[in-house]
Amino acid sequence: MKIDKQSYQAIFQEFYNMLSNYSNTIVHNSTDAEDVVQEVFIQLWNKRDTLQIKTQIKYYLFTAVKNRSIEVLRKRKMHNKYVELEKNVKESVEYLGDEGEDMVLKEKLHKSIRQLPPKCQEIFVMNKMNGLTYNEIAESLNLSSKTVENQIARALKLLRLKFK
Amino acid sequence: MGLLKFLNNNRSNEEQKLYDWLDDTTQNHTAIKSMLADDSFDLSILKDYKQFDTKNAWSKITSQIDLEDTPVVKSNFSNIYRIAAVGAVLLASVFLVRNFMPNNSGSQMAVITATDMMNEVTLPDGSVVSIDKQSAISFDEDDFMNSRKVELTGRAFFEVTKVEGKNFVVTGNNVNVEVLGTRFEVNAKNENKSVTVEEGRVRVYNDDTEVELTANEKALISGNDITQTYSNSNNIISWKNGTLSFDDTNMTSVIADLEDHFAIDIEIVDEASSNLENCPFTSTYRDEDLESILKDFNESIGTTYKIENDKVYISDLCK
């Protein structure tokens with residue numbers, strides 16, 4: 001597999017957000033998470049000629065991000081379950097693991113919600129993500145609960161249209 | 001045509017491996033579909049999921065590496081280029097400024113204004129609008145499915161979902177565009193108003209005139225006149241995909257495209273500017289900022305530039 005300028009950027013665009021989210025689940029700090037992912041991408045470019053990526057690129061990326069995230073934890077001298085996990089991390093595994101697969105799915109879902117009409121999105125997120133009831137949403141946005149119900153139905157319809 | 005299908009149709013076997021990661025999306029697609037099938041599903045899994053600033057991260061990274069290090073593989077260039085462009089559009093971050101203001105009939109008007117980046121918005125009927133910087137669309141929230149009417153200030157690119165028997169209408173600045181289902185750009189800025197069609201068929205009209213356009217045709221609107229022409233610039237939707245491409249383009253058009261793309265004034269300082277028309281330029285820039293393009297000019301055609309008070313001054317151009 002050959003990485004050039006164009007494919008490098010395409011890979012970056014596709015994976016940056018989900019990898020940052022992935023790292024964030026380990027380091028629990030957005031700035032550190034982004035630093036980790038940026039380092040991994042810089043490494044990917046600088047070593048593109050010598051890197052042996054035999055599997056899909058995403059396995060490499062997720063593994064590299066995981067390793068570096070654990071490195072961050074170690075530097076913070078934190079001892080939690082992820083440090084223990086480190087023993088099991090190998091270079092370029094053939095599977096993503098549940099957390100990795102989860103991130104790919106979450107990114108796809110999250111992206112489609114980001115593209116909903118703004119008001120519809122706001123109401124949908126309040127209900128489905130934050131667990132507010134129709135009445136609570138109606139009250140805080142000064143709308144009738146019928147409108148709230150309609151907007152949620154609309155969000156669902158648009159999402160289903162996207163994933164039909 | 002979907003992204004996957006597009007990719008599958010356009011890549012060679014050698015490229016296959018590189019883009020394998022895109023195929024995964026079909027599995028996730030199915031998973032999300034079955035999740036959405038139940039009205040009462042729960043999105044709390046996304047509670048801690050964030051949207052990071054990908055654009056900012058990219059400029060941070062490109063400041064630390066040398067992307068020009070490898071020669072571009074010529075034969076695959078255009079395909080990969082297009083794929084990258086598609087990816088970038090899909091991932092464009094959405095920053096919206098929202099205002100809800102009552103219109104005369106008292107119903108809710110949604111006003112969506114593009115801010116820092118190009119914005120992609122899905123309308124209630126599933127149509128997707130990419131709104132350019134300093135542009136805005138508004139539509140009647142309650143009546144949209146019935147009227148399918150959008151008002152535009154500035155410039156936007158539309159991908160309209162087909163709804164049988166229900167035309168989609170864009171109005172703005174004395175231009176009306178009516179369509180069934182298609183992809184087209186409307187530029188309703190004050191000067192150089194235009195409609196450019198990428199796919200499908202649209203009707204452009206005002207009180208006096210009417211023209212019908214199909215793919216790669218363009219209507220120029222000036223006052224009450226509508227002139228039908230062909231779109232031959234490569235950069236009609238440069239603001240949408242971030243790519244500026246010049247192919248033996250005369251310098252006058254190059255400067256105009258740059259001014260348009262970066263919304264900035266450019267002044268040619270030297271006296272020999274009459275040469276610009278006979279001064280062809282060829283290059284492609286993808287998601288580059290203005291300064292790196294100007295620096296490239298310096299290196300490739302020996303210009304110098306300075307930026308003062310949001311205005312660019314270029315010297316030694318086409319000497």
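Throughout, a chain's letter reflects where its sequence line sits, starting with A, and its residues are numbered from 1. All heavy atoms count here, side chains included; hydrogens, waters and symmetry mates do not.
At a 4.5 Å heavy-atom cutoff, the contact between A:S30 and chain B is made by backbone and side-chain atoms alike. Proximity to chain B (any heavy atom under 4.5 Å) is shown, for A:Q38, by both the backbone and the side chain. A:N46 touches chain B through its side chain: at least one heavy atom from C-beta onward sits under 4.5 Å away, while N, CA, C and O do not. Using a 4.5 Å cut-off between heavy atoms, A:R154 contacts chain B through its side chain alone, with no backbone atom that close. For chain B, no part of A:I152 is nearby; none of its heavy atoms comes within less than 4.5 Å. Interface remark: A:L161 contributes side-chain atoms only to the contact with chain B (heavy atom separation under 4.5 Å). Residue contact with chain B, scored on non-hydrogen atoms closer than 4.5 Å, involves the backbone and the side chain of A:I42 alike.
Sorted by first then second residue, the ring-ring contact (aromatic ring centres under 6.0 Å, His included) pairs that include residues 144-163 of chain A, not counting sequence neighbours, are A:F163-B:H29.
The environment of B:D289 atom CG is dense: over 12 non-hydrogen atoms of other residues, nucleotides or ligands sit within 6.0 angstrom.
Taken from CD in A:Q43 to CD1 in B:I65, the straight-line distance is 12.0 Å, to the nearest 0.5 Å. Atom NZ of residue A:K106 and atom OH of residue B:Y49 lie 8.5 Å apart, to the nearest 0.5 angstrom. Atom CD of A:E34 is separated from atom NZ of B:K60 by 6.5 Å, given to the nearest 0.5 angstrom.
Ring pair B:F52/A:Y16 is perpendicular by interplanar angle, where above 60° counts as perpendicular and below 30° as parallel.
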